[in-house]
Amino acid sequence: MAAMTMSRANDRFSSDISSRFHELKGGGVKEELTTTFAELTRFHDVKGVREMMKSFRVREVPSYYVKPASERRYAPAAEAAVNSVAQGIPCIDLEALSGEGLLRAIASACRDWGFFQVVNHGVSRPLVERMGNESSEFFAQPLEEKLKCSTPAKVAGPVHFGGGGNRDWRDVLKLNCAPASIVAKEYWPQSPAGFRNTLEEYVAKQQALAVRLLKLISESLGLETNFLVEACGDPKVVVAINHYPPCPDPSLTMGIKAHSDPNTITMLMQDEVGGLQVFKDDGWIDVRPLPNAFVVNVGDQLQILSNGKYSSCLHRVVNNNRQARTSIATFFSPSHECTIAPAPGLVDELNPAIYPKFIYADYIKAFYAQTLAPNNSNKSSFLAGIELHRNYNSYTKKCFSKVSSSPGSCTTSESSVSSIRSN
Ligand SMILES: O=C(O)CCC(=O)C(=O)O
Ligand SMILES: [Fe+2]
């Protein structure tokens, strides 16, 4: 409600869109305040930005999508810092490097950046191109075709098409891809015709790449090769295909607001348009698209398992007013039953555990409860709030209260989700 009041007070753009909703509903003026916001939310969640622009012939950004000044692309402090950083994120060639040299490159990328690109990664170019082309074709289809890809559970379901969260200027098709028990292939796009097969093939390759990277990352930390893979149990793999329509005024919106990924590791394929930025040294740095590369980033669980040695960095996507952008993120996560804690091999008297032990399902519940809260600020990180020796507050203590199994193991322990819900 607060957001609605704010947007109506300072908005000259919302009136066109809200009066259209008003007209369509044929409702009374009194109802308009609440219904308009609810209608916009429903419209965005179900149909997305691309459809909103088409249906309402939008030429300016509706206030619904306008970010507070501190979260916009050109917030003054961030812009100054972007200009002062010349270099890009590291790029690691998985064929040219090997042995200690490769481990050193991975260690410094994960420690100093939390982000890197990989080339010669073993996923064939034709497959990557097919995945990219068919994904773009999916979003270009009529709405009715895209709406077939949402289960009744919508965002919480195993397949979902709609507008991205947080009123970001983004549409998304999210698909659970593993384990088999959470996959609903009958909702995967039937059009373009080859999509289902392409996705299956792509996910198998992405999963193999994630395992390969996690083995290298384990070794780069001085851990057993399989430590991180085993810490994730029977992993959950989700693919999110993001589509960012061109935006009439990208200085007011965000494609994805600043966040860190809650999972273990993310691999991202992006087209040539660009827009992804990483927060480093107080400024936003562009992740420039490289041909046939994947962007890899350390997720929150990897930061925790590495006891803070590796960084899960804030990143965001800025919009442009020229052309649509498509990116495909593969999120590799622990299974929800996994117990996560800093690796015992990285904890001793001099290096105490800086994170608590918890069940991954609890982390996810609490993460989304906090990051989707309307007053969540641009640069807050859920992860920072659970550090044991700094900000471990009563809220997060409650979230992780009842874990009894050993670190890195995947047992079903009593969950503390109920304590989160009751807050
Ligand atoms: O589209 C991108 O470049 C990044 C997407 C992202 O950060 C995410 O889906 O979590
Ligand atoms: Fe992300």
Side-chain angles (χ1 to χ4, degrees), residues 48-50 71 73 88-89 110 113-118 128 131-132 135-136 138-139 155 160-177 202-203 206 210 236-247 250 253-280 284-291 293-303 310-320 323-333 363-364 367-368 370-372 376 378-383:
V49 177
R50 191 175 169 128
E71 291 186 22
R73 179 175 187 171
I89 66 167
C110 291
W113 290 85
F115 263 81
F116 56 98
Q117 309 218 39
V118 284
V128 168
M131 186 66 206
S135 296
S136 300
F138 170 81
F139 283 99
V155 181
H160 174 67
F161 162 78
N166 291 309
R167 291 187 265 148
D168 289 336
W169 194 269
R170 170 180 69 114
D171 295 341
V172 67
L173 172 65
K174 185 209 78 169
L175 307 116
N176 284 0
C177 295
Y202 183 77
V203 167
Q206 287 282 284
K236 180 175 179 188
V237 180
V238 175
V239 167
I241 307 178
N242 299 303
H243 176 83
Y244 305 87
C247 175
T253 61
M254 259 311 137
I256 294 193
K257 71 179 269 184
H259 66 284
S260 66
D261 290 349
N263 50 297
T264 309
I265 191 170
T266 305
M267 289 153 305
L268 181 99
M269 164 186 163
Q270 58 171 337
D271 64 16
E272 69 293 346
V273 175
L276 174 61
Q277 297 184 325
V278 179
F279 193 70
K280 179 163 163 55
W284 291 101
I285 296 167
D286 289 322
V287 177
R288 294 199 188 91
L290 287 179
F294 291 119
V295 179
V296 178
N297 65 283
V298 170
D300 292 357
Q301 304 316 303
L302 186 44
Q303 178 166 328
Y310 291 171
S311 311
S312 174
C313 291
L314 284 176
H315 53 286
R316 68 182 190 181
V317 175
V318 295
N319 298 115
N320 75 72
Q323 60 189 129
R325 170 176 187 260
T326 303
S327 73
I328 304 171
T330 307
F331 300 105
F332 188 98
S333 311
Y363 188 94
I364 284 298
F367 174 89
Y368 283 110
Q370 178 171 312
T371 53
L372 296 180
N376 178 38
N378 188 21
K379 290 182 191 146
S380 73
S381 158
F382 179 70
L383 196 48

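In each ligand, atom 1 is the first atom listed, and ligand 1 is the first ligand listed. Quantities reported herein were computed from a predicted structural model and do not represent experimental measurements. What's counted below: heavy atoms across the whole structure, side chains too, no hydrogens, waters or symmetry copies.
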Between D271 and R325 (side chain of the first, backbone of the second, donor and acceptor by atom type, cut-off under 3.5 Å), is there such a pair? no
Would the distance check show the side chain of H315 and the main-chain N or O of H259 forming a donor-acceptor pair, the cut-off being under 3.5 Å? yes
Could you check F367 against N263 for side-chain contact (heavy atoms from CB on, under 4.5 Å), going step by step and ending with a plain yes or no? CA-CA 11 Å; F367 174 89; N263 50 297; over 6 Å; no
In terms of ring plane angle, is the pair H243 and F139 parallel, tilted or perpendicular, where the classes change at 30° and 60°? parallel
Please tabulate, one line per pair, the protein nitrogen or oxygen atoms found under 3.5 angstrom from a nitrogen or oxygen of ligand 1, with distances to 0.1 Å, or say none if there are no such pairs.
from	atom 1	to	atom 2	distance (Å)
ligand 1	1 (O)	Y244	OH	2.6
ligand 1	1 (O)	R325	NH1	3.0
ligand 1	1 (O)	S327	OG	2.6
ligand 1	3 (O)	R325	NH1	3.2
ligand 1	3 (O)	R325	NH2	2.8
ligand 1	7 (O)	H259	NE2	3.2
ligand 1	7 (O)	H315	NE2	3.1
ligand 1	10 (O)	H259	NE2	3.1
ligand 1	10 (O)	D261	OD1	3.3

Main-chain N/O of R288 paired to Q117 side chain as donor or acceptor, under 3.5 Å: yes
Calculate, to the nearest 0.5 Å, the distance between atoms CG and CD1 belonging to L276 and I285 respectively. 11.0 Å
Residue-atom pairs from the protein, N, O or S only, that lie under 2.8 Å from the Fe ion (ligand 2): H259 NE2, D261 OD1, H315 NE2
Measure from the side-chain N and O atoms of N242 to the backbone N and O of V172, and report whether any donor-acceptor pair falls under 3.5 Å. no
Treating D171 as the side-chain partner and V49 as the backbone partner, does any N or O pair qualify as donor plus acceptor under 3.5 Å? yes
Quick one: does any side-chain atom of N166 pair with a main-chain N or O of K257 as donor and acceptor, under 3.5 Å? no
